Student: 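The structure follows.
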Amino acid sequence: MRAERILVNAGKTLAVLLLLVWSLFPIVFIITSSFKPGREIFAVPPQWLFEPTFDHYITLWQRWAVFFHGLLNSTIVTIGAAALAVVASTCAGYVYSRYSSRWLGASLLSLIAIRLIPPIVVTLPLFPIVNNLGLADTHFILSVLYATFFVSLGTVLMRTFVDQIPRELDEAASMDGATLPVILWRIIMPLAAPGIIAVAVFVVVFAWNEFLFAFIFTSTKAKTAPLVISEMIGSIEGVDWGVLFAASTIQLLPVLIFVMLMNRYLVAGLTAGATKG
Amino acid sequence: MKTSRMWQMVPLLAPVQLLLLSVIVIPSVYVIWLSFHTSTFGQSASFVGWENYVRVLTDPGFHNALWNTVVLVVVAVHLEMLIALGMALLFNSGLWFRRILFVAVLAPYAVSEVVGVAMWRFLFDPDVGPVSNLLTALHLPLLEWSYEPSHAMIMIAILTIWMHLPFTFVIIYAARLALPSDLYEAARIDGATPLQSFRRVTMPLLGPAILVALLFRYIFAFRLFSEVWLLTGGGPARTTEVVAVYLYQEAFTFSAFGPAAATAWIMVIVSMLLASGYIYLLRRQVRNAG
């Protein structure tokens with residue numbers, strides 16, 4: 001019995017170690033490598049003790065100024081997308097929570113179905129339209145696209161969170177003469193804050209990391225950080241791994257820290273969004 | 001409901017509906033029209049009936065892309081589910097530092113496709129990659145993903161599993177946590193072994209959550225684009241293309257908008273078939289729960 005316990009615990013420890021290596025090794029590896037001097041990135045076996053240097057970051061700054069412009073673009077697009085998605089989802093989520101009719105029920109299902117259409121399908125007709133409207137290569141179009149692909153999930157999430165706020169609160173406020181916008185702003189938004197954070201976390205991670213739409217709809221002015229990194233990977237004169245790792249680290253670290261801090265909201269959102277419909 | 005309140009709803013619903021209509025619904029419907037016409041940039045379109053669909057469905061390039069997509073969906077998604085299930089049971093069996101471990105396995109969720117590709121390309125680089133070096137040291141065959149199509153597909157599968165495992169794990173783990181513990185107590189008192197209680201209690205009760213997560217992942221794996229595009233570009237010689245990359249090539253490389261639109265509608269139909277299964281399961285679960 002005792003031997004069996006030890007065996008089971010050893011097996012579990014091994015599984016946990018494998019899982020940690022699988023999940024973290026690639027991430028830790030590129031972050032540490034971005035601080036390794038020159039050829040040490042390629043040392044066999046990989047070196048974990050070295051004198052950290054900012055060489056690759058300095059090269060990145062000198063040769064890829066466009067990357068830092070990309071970071072700025074990513075920031076603008078991400079904030080725009082998150083704000084748009086949060087406001088639109090909260091308003092719609094409130095309606096779906098407080099009112100019910102056959103028509104509303106059907107439209108909620110259609111929201112979920114629409115969200116499942118592959119994004120690449122809409123790039124086809126949108127590409128010429130966006131060009132004709134002069135919206136190509138703007139922050140605006142990317143923010144709108146990113147927000148749109150998350151308002152369905154956002155609405156469903158906000159509906160679940162607004163459901164938990166007692167109706168009596170809005171009714172009492174309404175009796176006291178509060179208008180609907182005031183009720184939304186003063187009562188619903190503050191009490192549904194965890195839901196708002198959950199929606200924002202999803203949109204932020206998606207918009208910060210997205211590649212396909214940025215690839216098709218931007219070229220210079222609104223080019224986002226992931227797009228610049230993809231150019232580094234595909235660069236014809238061969239990949240400068242040190243610089244690529246430095247750029248990857250800068251792009252990855254903020255969102256990685258964000259996800260780790262917000263993991264509770266992320267989990268609440270994932271489970272509510274995927275299984276409660 | 002009073003009519004005045006009905007009218008108050010409209011402006012609240014408008015932003016979401018407007019976004020979805022203008023960005024997704026109307027463009028998707030317009031793709032139907034495109035798929036029955038032949039057109040390229042700057043030329044007026046002419047009606048060609050089913051010709052684009054026939055061309056796509058008889059194109060060996062499309063067959064290859066479809067086959068690759070199906071293989072990836074079937075192999076990668078199911079493998080991912082197996083790992084996620086194992087992880088959920090491991091986490092549920094009582095671990096030290098469970099909270100920290102949980103956050104650690106969530107980490108790949110934060111990684112962009114671009115950075116994911118950069119990482120795994122380096123790890124498996126045939127000349128300098130640490131994993132390749134390790135394989136050589138162990139006298140194991142290397143993954144020649146840059147010119148061997150089947151190896152490239154393995155690379156793509158590893159990358160997608162790595163990127164999406166946190167999502168699947170969270171869904172399954174949350175479902176496992178929601179199972180009442182007195183069921184396991186009862187099974188134990190009745191003398192069930194751990195394996196028996198897994199087969200008779202855990203699996204049947206987790207079934208619906210597993211199905212929902214699987215359908216969700218089928219839908220998202222079916223539209224796979226960035227990982228393939230950034231890793232292989234569909235090459236060598238278009239052998240590792242998936243359906244979304246095939247569509248991109250038709251539209252933006254060859255300016256064949258008709259066939260691209262036909263491909264797009266084939267994607268929509270398959271996605272909607274999978275989605276109707278997903279929504280059906282969701283509604284049944286909601287009804288059972290309520």
Side-chain angles (χ1 to χ4, degrees), chain A residues 12 15-16 19-20 23-24 26-27 30 42 44 46 87-89 91-92 94-95 99 109 111-114 116-122 124-126 144-145 147-148 151-152 155 180 205 209 211-212 226 229-230 233 241 244 248 251-252 255-256 258-260 263 267 270-271 274-277, chain B residues 1 8-9 12-13 15-16 19-20 23-25 27-28 30-31 34 87 90 95 101 103-115 117-120 122-123 128 130 133 167 170-171 174 209 212-213 216 219 223 225-226 230 244 247-248 251 260-261 264 267-268 271 275 279 282 286:
Chain A
K12 271 161 68 172
V16 166
L19 210 53
L20 280 180
S23 303
L24 294 182
I27 297 175
I30 64 145
F42 310 111
V44 186
V87 171
S89 310
C91 291
Y94 176 77
V95 174
Y99 303 95
L109 279 185
L111 287 189
I112 302 169
I114 291 167
L116 298 174
I117 290 181
I120 195 160
V121 169
V122 301
L124 211 56
L126 283 182
V144 167
L145 287 170
T148 304
V151 287
S152 304
T155 304
L180 198 52
V205 174
N209 285 340
F211 174 74
L212 174 64
I229 297 181
S230 80
I233 297 175
W241 289 105
L244 176 60
S248 299
Q251 197 272 340
L252 170 61
V255 65
L256 185 64
F258 184 68
V259 162
M260 293 192 154
N263 74 81
V267 170
L270 275 180
T271 43
T275 56
K276 295 214 180 77
Chain B
M1 198 189 311
Q8 284 190 316
M9 281 162 47
L12 291 182
L13 286 177
V16 164
L19 283 174
L20 289 175
V23 174
I24 306 183
V25 178
S28 302
Y30 180 56
V31 170
L34 272 178
M87 282 165 72
L90 179 69
L95 289 178
L101 282 176
V103 176
V105 298
L106 218 57
Y109 180 82
V111 178
S112 60
E113 288 133 341
V114 178
V115 171
V117 167
M119 283 173 186
W120 288 89
F122 184 77
L123 291 177
V128 294
N133 289 334
F167 169 83
V170 167
I171 302 290
V212 164
F216 205 79
I219 295 167
R223 63 171 67 162
F225 175 83
S226 307
L230 291 163
L247 193 169
Y248 178 86
M267 284 187 85
V268 172
S271 299
I279 289 172
L282 282 184
V286 170

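Quick note: numbers below take in every heavy atom, side chains included, and nothing from hydrogens, waters or symmetry partners. Remember, predicted model here, so these are calculated numbers, not experimental data. Convention: sequence-line order gives letters A, B, ...; per-chain numbering from 1.
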Student: Specify which of B/Ala213, B/Ala107, B/Ala174, B/Ala261 makes the most heavy-atom pairs with chain A at under 4.5 Å.
Tutor: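 Top option by heavy-atom pairs under 4.5 Å: B/Ala107.
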Student: Is any side-chain heavy atom of B/Trp120 less than 4.5 Å from a side-chain heavy atom of A/Pro26?
Tutor: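 Sidechains of A/Pro26 and B/Trp120: in contact.
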Student: Looking only at heavy atoms, what is the nearest atom pair of B/Ala104 and A/Ser23, with distance?
Tutor: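 Scanning both residues, the minimum pair turns out to be O-CB, 3.8 Å.
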Student: If I measure from the heavy atoms of chain A, does B/Tyr30 come under 4.5 Å with its side chain, its backbone, both, or neither?
Tutor: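 Only the side chain of B/Tyr30 comes within 4.5 Å of chain A.
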Student: Work out which heavy atom in A/Ala88 is nearest to a heavy atom in B/Val16; give both atom names and the distance.
Tutor: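 Shortest heavy-atom separation between A/Ala88 and B/Val16 comes out as O-CG2, 3.3 Å.
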Student: Less than 4.5 Å to any heavy atom of chain B: does that hold for the side chain of A/Ile27, its backbone, both, or neither?
Tutor: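 Both parts, backbone and side chain.
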Student: Could you state the interatomic distance from CG (B/Leu230) to CZ (A/Phe211), rounded to the nearest 0.5 Å?
Tutor: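 Nearest 0.5 Å value for the CG-CZ distance: 4.0 Å.
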Student: Out of curiosity, A/Tyr99 OH to B/Leu13 CG, how far, rounded to the nearest 0.5 Å?
Tutor: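 Spacing of OH (A/Tyr99) from CG (B/Leu13) equals 10.0 Å.
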Student: Let me know if A/Leu256 has heavy atoms under 4.5 Å from chain B in its side chain, its backbone, both or neither.
Tutor: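 The answer is both parts of A/Leu256.
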Student: For A/Ile114, is it the side chain, the backbone, both or neither that has a heavy atom under 4.5 Å from a heavy atom of chain B?
Tutor: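 Interface part for A/Ile114: both.
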Student: Evaluate the ring planes of A/Phe42 and B/Phe122, with Trp represented by its six-membered ring, and classify them as parallel (under 30°), tilted (30 to 60°) or perpendicular (over 60°).
Tutor: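 Rings of A/Phe42 and B/Phe122: tilted, 30 to 60°.
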Student: Which bit of A/Val255 is near chain B, if near means a heavy-atom gap under 4.5 Å: side chain, backbone, both or neither?
Tutor: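 Both parts, backbone and side chain.
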Student: Looking at every heavy atom in both A/Ile117 and B/Arg223, which two are closest together, and how far apart are they?
Tutor: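 Result for this residue pair: O-NH2, 3.5 Å.
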Student: Can you tell me which of B/Pro15, B/Ala260, B/Ala118 forms the most heavy-atom pairs within a distance under 4.5 Å of chain A?
Tutor: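 Greatest number of close heavy-atom pairs with chain A: B/Ala118.
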Student: Counting only heavy atoms closer than 4.5 Å, note whether A/Val267 contacts chain B via side chain, backbone, both or neither.
Tutor: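 Looking at A/Val267, backbone and side chain both touch chain B.
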Student: What part of B/Ile24 gets closer than 4.5 Å to chain A, counting heavy atoms only: side chain, backbone, both or neither?
Tutor: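 Both backbone and side chain of B/Ile24 come within 4.5 Å of chain A.
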Student: Select one option (side chain, backbone, both, neither) describing which atoms of A/Leu116 are under 4.5 Å from chain B's heavy atoms.
Tutor: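 Backbone plus side chain of A/Leu116, per the 4.5 Å heavy-atom cut-off to chain B.
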Student: Just how far is it from atom OG1 of A/Thr155 to atom CG of B/Leu20, taken to the nearest 0.5 Å?
Tutor: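 Nearest 0.5 Å value for the OG1-CG distance: 7.5 Å.
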Student: Under a 4.5 Å cutoff for heavy-atom pairs, which residue among B/Val111, B/Ile219, B/Val268, B/Leu34 has the most contacts with chain A?
Tutor: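 Going by pairs under 4.5 Å, I would pick B/Val111.
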Student: Below 4.5 Å, heavy-atom pairs only: which of B/Val170, B/Val117, B/Val25 has the largest tally toward chain A?
Tutor: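 Looking at each option in turn, the highest pair count goes to B/Val170.
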Student: Under 4.5 Å, counting heavy-atom pairs only, tell me which of A/Leu111, A/Ile30, A/Leu124 racks up the most with chain B.
Tutor: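 Answer, by heavy-atom pair count under 4.5 Å with chain B: A/Leu124.
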Student: Give, as side chain, backbone, both or neither, the part of A/Ser89 having an atom under 4.5 angstrom from any heavy atom of chain B.
Tutor: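 Backbone of A/Ser89 only, per the 4.5 Å heavy-atom cut-off to chain B.
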Student: Minimum heavy-atom separation for A/Val121 and B/Ala264, please, with both atom names.
Tutor: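 Smallest interatomic distance, heavy atoms only, reads CG2-O, 3.6 Å.
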Student: Is chain B contacted by the side chain of A/Val87, its backbone, both, or neither, given a heavy-atom distance below 4.5 Å?
Tutor: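 The answer is neither part of A/Val87.
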Student: Test of understanding: with side chain to side chain contact (heavy atoms under 4.5 Å, CB included), list the residues that count as partners of B/Asn133, not counting sequence neighbours.
Tutor: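 For B/Asn133, the residues satisfying side chain to side chain contact (heavy atoms under 4.5 Å, CB included) (neighbours in sequence not counted) are A/Val44.
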Student: So, taking the atom named CD1 in A/Ile120 and the one named CG in B/Leu247, what distance separates them when rounded to the nearest 0.5 Å?
Tutor: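 It is 5.0 Å, given to the nearest 0.5 Å.
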Student: At a 4.5 Å cut-off on heavy atoms, which part of A/Ser230 comes close to chain B: side chain, backbone, both, or neither?
Tutor: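 When you check distances to chain B, atoms from both the backbone and side chain of A/Ser230 fall under 4.5 Å.
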Student: Is it the side chain or the backbone of A/Leu244 that comes within 4.5 Å of chain B heavy atoms, both, or neither?
Tutor: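 Contact with chain B is through the side chain of A/Leu244 alone.
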Student: A/Leu24 versus chain B, heavy atoms under 4.5 Å apart: side chain, backbone, both or neither?
Tutor: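 Only the side chain of A/Leu24 comes within 4.5 Å of chain B.
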Student: Quick one: closest heavy-atom pair of A/Asn209 and B/Ala110, and the distance?
Tutor: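 Result for this residue pair: ND2-O, 3.0 Å.
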Student: If you compare all heavy atoms of A/Pro125 against all heavy atoms of B/Pro27, which two are closest, and at what distance to 0.1 Å?
Tutor: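 Looking at all heavy atoms of both residues, the shortest contact is CG-O, 3.3 Å.
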